[in-house]
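Just below is one structure, and these are the notes that go with it.
This one's a predicted model, so the numbers in the text were calculated from it and none came from an experiment.
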Amino acid sequence: MSERMKKELFSLKEICGEERTETDGKGRTKKRTVHFSSMEALIDGALHFVEFFERLHREGKVYRSSEAEGFLFSGRTGALCVPASEEGPAELSEFLAPELVEAMAEGKMPEELPFTVETDRYFIAVFLFEYFFHTGSPFEGKRMVNRCFLSPMEKELFRAREGQFCMEVGEESNTPVKGIQDKLIFYWEQYPDILKKMFQRAFMDGGRICELRPTEVDWKQTFVRMAVDYKRCSCGFCGFSFSLEAKGNGTFACPDCGRVYYPLTNGMDRILLAAGEKLYECQTGKDVFDKEKVTAMVVENRQRKGLYGIKNMSGGVWVGRFPDGTVKEIGEGQGIPIWSGMSVRFEVGEEWHLRQISQTEGKEIGEDEQQVSGAECGCD
């Protein structure tokens with residue numbers, strides 16, 4: 001591995017501390033800030049990490065170690081460099097599932113520990129918690145800080161038997177400690193609820209009940225949803241959709257430039273539509289994990305300025321339902337206008353509806369244009 005590549009790779013410890021200590025040619029040390037080049041790279045790194053375990057389990061193997069520093073990530077792309085072997089040291093740490101800590105307390109040697117797919121899933125959750133929130137154990141709140149004089153075994157046994165997730169909703173006895181866990185307090189508010197709920201599920205439901213721990217597929221679905229939920233506005237604003245300003249008419253707006261986003265929903269999820277926005281295979285197609293292939297784009301009508309439509313770039317055929325009840329097939333290169341009351345069924349799945357749309361001078365956009373067909377929206 002070249003020196004240049006080594007400098008680009010970060011360990012979990014460096015990611016958590018957000019810094020690296022480097023030595024120059026004269027033996028002098030200096031601190032260097034460590035961070036991913038973009039939110040997209042950070043999410044991709046987490047996705048690659050989970051995919052490593054997915055491949056391992058598909059081969060009938062498990063990660064027989066508590067070693068976390070062997071996973072190295074490219075700060076530029078999120079690419080993952082994994083350990084040469086799935087076996088390594090197993091020591092007392094927050095990465096060990098409670099059942100493994102209990103086994104060590106009973107005198108089992110590291111090579112005798114009962115590693116399973118479920119203990120891997122606990123490891124994954126703890127690793128990702130530190131990866132995203134730059135902190136210590138998910139149980140390291142007020143209760144654990146007050147037990148700082150416990151031996152390593154006593155500390156991990158307490159965590160295994162009585163540990164309480166420090167971000168548990170409605171609980172105050174083990175909340176993060178200001179001045180000690182400021183990074184956790186700050187970063188917890190920077191991510192969408194879908195990620196927070198995964199950690200709550202992992203450590204509240206799955207702490208002791210192995211079968212309730214999130215699977216690799218659960219994590220992959222979360223990261224793909226996060227990736228398509230992250231918005232980059234043409235004005236330079238970046239953020240997850242919850243950071244957009246909600247308007248009273250059901251639309252959302254960029255907090256910096258006011259760019260309007262229209263919510264297309266299937267009742268459970270939503271796709272935010274705005275000029276130039278792309279839709280992906282994971283949103284409209286058959287592969288729920290493909291967040292790279294573009295299948296649609298929001299484009300402006302060539303004849304009617306200010307009227308936008310969703311252009312079909314998937315290669316398949318959609319079914320569009322117009323506000324007047326007309327149903328039309330939307331083929332490759334065609335589109336359906338973004339109007340209040342329209343709906344569309346992509347290649348697979350349920351219908352997506354646009355429930356509301358912004359009003360101009362007291363009249364809904366498109367109200368006097370309901371007879372324009374999908375092929376006429378200027379997307380051909």
Looking at Glu69, is its backbone amide N or carbonyl O close enough to the side chain of Glu67 to form a donor-acceptor pair, meaning the two atoms are under 3.5 Å apart? yes
Would the distance check show the side chain of Glu281 and the main-chain N or O of Glu292 forming a donor-acceptor pair, the cut-off being under 3.5 Å? no
For Phe10 and Gly75, the nearest pair of non-hydrogen atoms, with its separation, is CE1-CA, 3.5 Å
So which atom in Val224 and which in Val288 form the shortest heavy-atom distance, rounded to 0.1 Å? CG1-O, 3.7 Å
List the steps and the verdict of ring pair (Phe, Tyr, Trp, His ring centres under 6.0 Å) for Phe289 and Trp219. CA-CA 11 Å; Phe289 299 120; Trp219 286 112; over 10 Å; no
What's the spacing between [X] [atom1] and [Y] [atom2] if we round to 0.5 Å?
| X | Y | atom1 | atom2 | answer |
| --- | --- | --- | --- | --- |
| Leu128 | Met198 | CG | CE | 8.5 Å |
| Thr295 | Asp287 | OG1 | CG | 11.0 Å |
| Glu87 | Ser65 | CD | OG | 9.0 Å |
| Lys231 | Ser243 | NZ | OG | 10.5 Å |
| Phe123 | Glu94 | CZ | CD | 9.5 Å |
| Tyr63 | Phe127 | OH | CZ | 8.5 Å |

Carefully, step by step, assess Trp188 and Met167 under the rule side-chain contact (heavy atoms from CB on, under 4.5 Å). CA-CA 9 Å; Trp188 185 258; Met167 303 305 288; 3.3 Å; yes
Should [X] and [Y] count as an ion pair when the cut-off is N to O under 4.0 Å?
| X | Y | result |
| --- | --- | --- |
| Lys61 | Asp120 | no |
| Glu99 | Arg213 | yes |
| Lys13 | Glu130 | no |
| Glu172 | Lys142 | no |

Side chains of Glu54 and Thr215 in contact at under 4.5 Å (non-hydrogen atoms): no
Are the side chains of Phe115 and Leu100 in touch, meaning some heavy atoms are under 4.5 Å apart? yes
Check: Tyr261/Arg259 side-chain N/O donor and acceptor closer than 3.5 Å: yes
Is there a donor-acceptor contact under 3.5 Å linking the side chains of Lys31 and Thr21? yes
Please walk me through it: do Phe73 and Phe52 pass ring pair (Phe, Tyr, Trp, His ring centres under 6.0 Å)? CA-CA 13 Å; Phe73 298 86; Phe52 165 78; over 10 Å; no
Under the side chain to side chain contact (heavy atoms under 4.5 Å, CB included) test against Lys197, which residue among Ile194, Leu195, Asp193 passes? Asp193
Passes side-chain hydrogen bond (donor to acceptor under 3.5 Å, both in side chains), Glu8 versus Ser74? Steps please. CA-CA 6 Å; Glu8 185 186 297; Ser74 164; 2.4 Å; yes
Classify the ring geometry of Phe139 against Phe165: parallel below 30°, tilted from 30° to 60°, perpendicular beyond 60°. perpendicular
Over 60° means perpendicular and under 30° means parallel, so tell me whether Phe346 and Trp352 are parallel, tilted or perpendicular. tilted
